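Computed from a prediction, not measured in an experiment: that's the story for all the values here. Values below: every heavy atom of this structure, side chains too, minus hydrogens, waters and symmetry copies.
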Amino acid sequence: MNILTSMLAISSVYLGGDNIGFSLKPNGVIISGTYDVICDNHIYNPKNFDIRPGDIIISIDNQPVDSVELLNQYISSSSDLNVDLTLIREEKELSRELKLNKVDGSYKTGLFVKPSTMGIGTSTFYTMDNQFAGLGHPVKELNTTVPIIEGNVYYSSVNGIKKAEEGKVGEKVASLDVNNKLGSIYRNTEFGISGYYTSIPSNATLIDVADFSEIKTGPAKMLTVIDGDKKEYFDINITSISNMDTNNGLKVEITDPRLIKLSGGIVAGMSGSPIVQNNKLVGAITHVIVSNPTKGYGVSIDKMINHLFIER
């Protein structure tokens, strides 16, 4: 697939700000939790053997595992009570031994697993050829960036806001409609997700993309959804700027009284919300400072574009 190769290829985009739902399926099975297994008067839990929630199982005894069904099939047919797992954790490959415990005629592993991860976020922009970018940071299971083989974007609507407080992260209370697929995701990186939309949203407006040198400290606007699917601008300040190759080079502060009253500041689900300054797209919201939710970080748009739209 030939993707845009540099920042120079994108001088203007369609502005995002839409609430989106997403699902990402890795080339493996995600461990979502562990539980105690009681067998022969002994208690076994995989977490005591360094098998953790957030790990992604990619093989058992060197046999690839890419679905929950295949995992269950391999375990139920195993003749060995100990199997070797190959895991992905924090982008590293690990080997761990998993014990199979026979209880009431079937094997118990002590693992809760799921085929994919789902979440809510915000789109940042759409390109002329229906590509899109959002979130501004990676989708993770705990500390592991999910390596995807398949991903989808869905329509999402905000039903309410769980207000942020000092030391407590708030969130958009939102639903996603898996029967209303808007596009596909092909990348999940430190600088966000990207993929293709079936069609650019009809309410998206064209905007110029700022060069990094054009970003200034001072007033700006954030575009996001706090009710239903209506996009709204809110006042923010860009308080510091760094050109380091990270997803938190912009430090921001929410100054809009209405948004502070409604949400307490930046909440989960706002990641990817576009930052507009002097009528140009300069970046996207990525993180909140938990101790003071009116403050947080953003990624500059040049970093987002250059990392998400490259030759693959």
Closest contact, heavy atoms only, [X] versus [Y]:
| X | Y | value |
| --- | --- | --- |
| S32 | V113 | OG-N, 3.8 Å |
| N152 | S184 | OD1-OG, 4.1 Å |
| L98 | I51 | CD1-CD1, 4.1 Å |

Run the side-chain donor-acceptor check on residues 264-276: report pairs under 3.5 Å with partners two or more places apart or on a different chain.
{"residue": "S271", "atom": "OG", "partner": "H137", "partner atom": "NE2", "Å": "2.9"}
{"residue": "S271", "atom": "OG", "partner": "T286", "partner atom": "O", "Å": "3.3"}
{"residue": "S273", "atom": "OG", "partner": "T224", "partner atom": "OG1", "Å": "2.9"}
{"residue": "S273", "atom": "OG", "partner": "M270", "partner atom": "O", "Å": "2.6"}

Let me check something: do [X] and [Y] share a hydrophobic cluster, defined by ILVMFWY side-chain heavy atoms less than 4.5 Å apart, either directly or through other members?
| X | Y | result |
| --- | --- | --- |
| M304 | M222 | no |
| L87 | V68 | yes |
| L223 | L259 | no |
| I75 | L81 | yes |
| I241 | I301 | no |

Hey, could you give me each pair passing ring-ring contact (aromatic ring centres under 6.0 Å, His included) that has a residue in [range]? Not counting sequence neighbours.
| range | answer |
| --- | --- |
| residues 202-239 | none |
| residues 52-106 | none |
| residues 82-118 | Y35-F112 |

Kindly list each side-chain donor-acceptor pair under 3.5 angstrom involving residues 21-29, sequence neighbours excluded, with atom names and distances?
{"residue": "S23", "atom": "OG", "partner": "Y154", "partner atom": "OH", "Å": "3.3"}
{"residue": "K25", "atom": "NZ", "partner": "D66", "partner atom": "O", "Å": "2.6"}

Treating [X] as the side-chain partner and [Y] as the backbone partner, does any N or O pair qualify as donor plus acceptor under 3.5 Å?
| X | Y | answer |
| --- | --- | --- |
| D235 | D256 | no |
| Q277 | I215 | no |
| N130 | T198 | yes |
| E190 | P138 | no |
| D84 | E97 | no |
| T144 | E90 | yes |
| R187 | H307 | yes |
| N278 | K280 | no |
| E253 | T239 | no |

[atom1] ([X]) with more than 12 external heavy atoms under 6.0 Å:
| X | atom1 | value |
| --- | --- | --- |
| N45 | CG | yes |
| K47 | NZ | no |
| N279 | CG | no |
| N62 | CG | no |

What distance separates [X] [atom1] from [Y] [atom2], expressed to the nearest 0.5 Å?
| X | Y | atom1 | atom2 | value |
| --- | --- | --- | --- | --- |
| D80 | D61 | CG | CG | 7.0 Å |
| Y14 | S202 | OH | OG | 11.5 Å |
| N243 | L250 | CG | CG | 10.0 Å |

_Hydrogens and angles aside, do K231 and N19 bring a side-chain donor and acceptor to less than 3.5 Å of each other?_
no

*salt bridge (charged side-chain N to carboxylate O under 4.0 Å, His left out) contacts in which one or both residues fall within residues 148-163, not counting sequence neighbours*: none

_Pairs involving residues 165-180, ordered by first then second residue, that meet salt bridge (charged side-chain N to carboxylate O under 4.0 Å, His left out) (sequence neighbours left out)_ = none

Show the atom names and distances, to 0.1 Å, of all donor-acceptor pairs under 3.5 Å that link a side chain in residues 291-298 to residues at least two apart or in another chain.
{"residue": "N292", "atom": "OD1", "partner": "T294", "partner atom": "N", "Å": "3.3"}
{"residue": "N292", "atom": "OD1", "partner": "T294", "partner atom": "OG1", "Å": "2.7"}

*Decide yes or no for L182 and P201: does some side-chain heavy atom of the first lie under 4.5 Å from some side-chain heavy atom of the second?*
no

*Can you list the residues that meet the side-chain contact (heavy atoms from CB on, under 4.5 Å) rule with S123, with sequence neighbours excluded?*
D18, I20, Y126

*Taking side-chain contact (heavy atoms from CB on, under 4.5 Å) as the test, write out the residues that go with S67, two or more places apart.*
E69, L70

_Set of ring-ring contact (aromatic ring centres under 6.0 Å, His included) partners for F49, sequence neighbours left out_ = Y44

*Using the test salt bridge (Lys or Arg N to Asp or Glu O under 4.0 Å), find all partners of R89 that sit at least two apart in sequence or belong to another chain.*
D50, D55

